[in-house]
Amino acid sequence: MKTAHFLTFPPALLSFFLILFAPLQLSALEALKVRQVADGIYVHFGVHELPDKHNHGAIANIGFIVGERCVAVIDTGGNPEEGERLKKAVEQTTDKPVCYVINTHVHPDHIYGNIAFKQPGVEFVGHANLERAMLSRGQYYIDKAAEQLDIHLSPKNIIPPDNVVKQYKLLNLGNRELVVTAHPTAHTDNDLTVLDKKTNTLWLSDLMFSGHLPVLDGSLKGWLQVIEKLEKKQFNHVIPGHGGLVSNWPQAIKPQKDYLTMLLNEIRAKIAKGVYLEDAVNQVGLTARSKWQLFDEFHRKNVTTAFAELEWED
Amino acid sequence: MKLHIIIMTLLLTAPLKASADKDESIWNNQLKQHFFAGKSIEEGENIIRLDAPYRAEDPALVPIKVISQIPQTSSRYIKKILLLVDKNPYPFVGEFELTPESGKADLAMRIRVNTYSYVRAIAEMNDGKLYMTKTFVKASGGCSAPIGADLDAAMRRLGKMKFRVEDAPAPGEPTLAQLMISHPNITGMQMDQVTRFIRRSHFMDQLTVKFDGKTVLKAKTDIAISADPNFRFYFVPNHKGELVAEFTDTSCEKPTSRAVCESGSRYSKSYTVDP
Ligand SMILES: [Zn+2]
């Protein structure tokens with residue numbers, strides 16, 4: 001009803017008010033917009049943008065799952081403020097406390113909100129390699145945060161897991177079990193997925209990109225193997241790290257599988273011919289350009305990473 | 001209304017500050033004194049050129065090429081090439097000694113570039129004259145820090161080497177060779193306030209390549225060389241012979257000081273060339 005009254009203002013006056021109050025609204029943090037995609041599963045869908053000074057790194061899909069006893073947060077966002085806003089979203093959705101924060105991998109857009117949830121009773125869950133990745137990249141990430149994202153971080157923002165997953169782990173949220181799986185090197189060397197048994201929803205995070213070009217920061221062959229394993233299974237819903245909710249698994253993963261397979265085949269062919277890395281990045285996979293957003297931003301990097309992996313094949 | 005004006009002013013002036021980071025102060029104030037105190041360096045485009053991507057997709061793996069503009073003859077040749085990345089935490093990339101036996105003083109390798117920075121090459125001639133060339137690299141790619149993607153895979157292969165020599169080398173002509181070395185080349189730049197994973201730097205520090213017993217390349221290298229070091233260089237095969245690479249690694253207590261280091265292992269690999 002309030003909004004109806006507001007709309008009766010003349011538009012010019014309305015925009016004047018918006019300008020006047022915009023800074024005030026920013027300082028009082030709003031809850032992050034989340035969507036319930038399955039019973040008790042809430043997702044904030046990110047945007048297909050490069051992390052930069054305007055979005056401050058808030059680009060990934062993040063969210064939470066609510067059980068009868070407590071809540072598991074899955075990824076915390078690209079900056080501390082996004083973490084705070086996700087926390088508000090949890091509080092507006094349920095009275096249950098947060099008991100787990102699951103980091104699906106080390107990338108900044110998934111872990112920079114961690115500190116918002118750091119308090120007694122909250123366990124941070126991560127892949128057995130996550131801490132190593134956080135420590136070896138942490139200082140670089142912190143140094144770059146101001147320059148690239150216009151946010152200020154210190155080592156206390158990088159929170160390593162206290163519950164480490166080597167293969168599988170069951171987390172119970174109260175009549176709701178999550179199967180947390182640590183994968184071999186794929187998107188990164190510390191990828192974790194979360195299966196909600198109750199709704200048969202797989203939180204796949206960055207093991208799947210849709211719309212946004214897949215970004216390789218681990219192992220191309222490893223990633224394809226993980227996909228081949230997962231595509232044999234049935235899931236009611238799949239939540240990618242970037243892109244919309246998936247309800248047609250495994251068909252939905254096909255574009256990504258095709259892209260990665262194309263990289264594998266074309267780069268192997270270049271290596272066999274003795275083509276150098278710096279030339280291969282300008283030759284491989286350009287036909288996929290029209291199919292993906294952010295292709296120009298990430299494709300050459302993908303070729304570089306994959307080339308460095310594949311040139312050691314025997 | 002005043003607030004409106006302030007906001008507009010902020011919006012208009014903000015972009016003006018951002019760009020001007022092509023600065024050479026680190027070279028002028030530190031590196032030049034450190035490496036070449038009291039010496040004069042000439043502009044070197046006629047001696048060597050440097051080729052690197054202006055925008056580096058992956059800061060962990062930036063392919064660069066040094067292209068020589070003169071032949072290596074016994075009377076006049078490039079004796080040494082020093083590579084630096086001004087703004088790296090440890091700017092020294094490597095020092096490469098070449099000989100007339102190299103045939104051509106071209107080099108290619110992959111390096112780590114931490115941020116927007118000049119990469120520079122300084123060539124020392126056999127008569128001691130110095131020539132410098134430089135190129136600016138914008139290292140971006142927010143996701144990947146300048147380490148490697150798959151550390152475990154690199155550790156498993158450590159010490160493995162592969163040679164690749166261009167097809168049908170002509171006897172007596174400069175011939176291109178590629179040497180791939182598997183080594184994680186760990187920088188040691190991890191966050192250090194957490195004591196559980198203090199990892200020292202661990203990198204290739206010396207490399208020698210000989211053909212038929214004569215040195216064609218001798219390098220002193222450091223953490224700015226990418227994981228799995230990859231070099232291309234020339235040599236002159238005038239008869240059938242062995243191309244032999246030998247490298248050692250080292251491990252240092254601090255990423256940016258070489259005061260306390262422990263020498264590591266020695267690795268070698270040979271490859272028969274039959275022109
Ligand atoms: Zn990611």
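Below, read A as the first sequence line, B as the second, and so on, with proteins coming before strands; counting in each chain starts at 1.
- The two atoms that bring B:N114 and A:K144 nearest to each other are O-NZ, 2.8 Å, heavy atoms only.
- The two residues A:Y140 and B:P59 make their nearest non-hydrogen contact at OH-CG, 3.7 Å.
- If you measure heavy-atom distances from B:E166 to chain A, you find no contacts under 4.5 Å at all.
- The side-chain heavy atoms of A:Y276 and B:P63, taken from C-beta on, include no pair separated by under 4.5 Å.
- Neither the backbone nor the side chain of A:N302 comes within contact range of chain B; no heavy atoms are under 4.5 Å apart.
- Using a 4.5 Å heavy-atom threshold, the side chains of B:L61 and A:T305 count as separate.
- Dense packing is recorded around CG of A:D296, with more than 12 heavy atoms of other residues, nucleotides or ligands lying under 6.0 Å away.
- Only the side chain of B:K65 comes within contact range of chain A, with heavy atoms under 4.5 Å apart.
- Scanning both residues, B:R110 and A:L277, for their nearest heavy atoms gives NE-CD2, 3.5 Å.
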So B:R232 and A:E278, salt bridge (Lys or Arg N to Asp or Glu O under 4.0 Å) or not? Walk me through it. CA-CA 13 Å; B:R232 299 203 301 269; A:E278 62 267 36; 2.7 Å; yes
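- No side-chain heavy atom of A:R300 sits under 4.5 Å from any side-chain heavy atom of B:D58.
- Proximity to chain A (any heavy atom under 4.5 Å) is shown, for B:D51, by neither the backbone nor the side chain.
- In A:E313, the CD atom is crowded: over 12 heavy atoms of neighbouring residues, nucleotides or ligands sit closer than 6.0 Å.
- Between B:E57 and A:F298 there is no side-chain heavy-atom pair separated by less than 4.5 Å.
- Between A:E311 and B:R164 there is no salt bridge, since none of the side-chain N atoms of the basic residue sits less than 4.0 Å from a carboxylate O of the acidic one.
- Residue contact with chain A, scored on non-hydrogen atoms closer than 4.5 Å, is absent for B:I64.
- At distances below 3.5 Å, not a single donor-acceptor pair connects side-chain atoms of A:K301 with backbone N or O atoms of B:A56.
- Heavy atoms of B:S226 lying under 4.5 Å from chain A are absent altogether.
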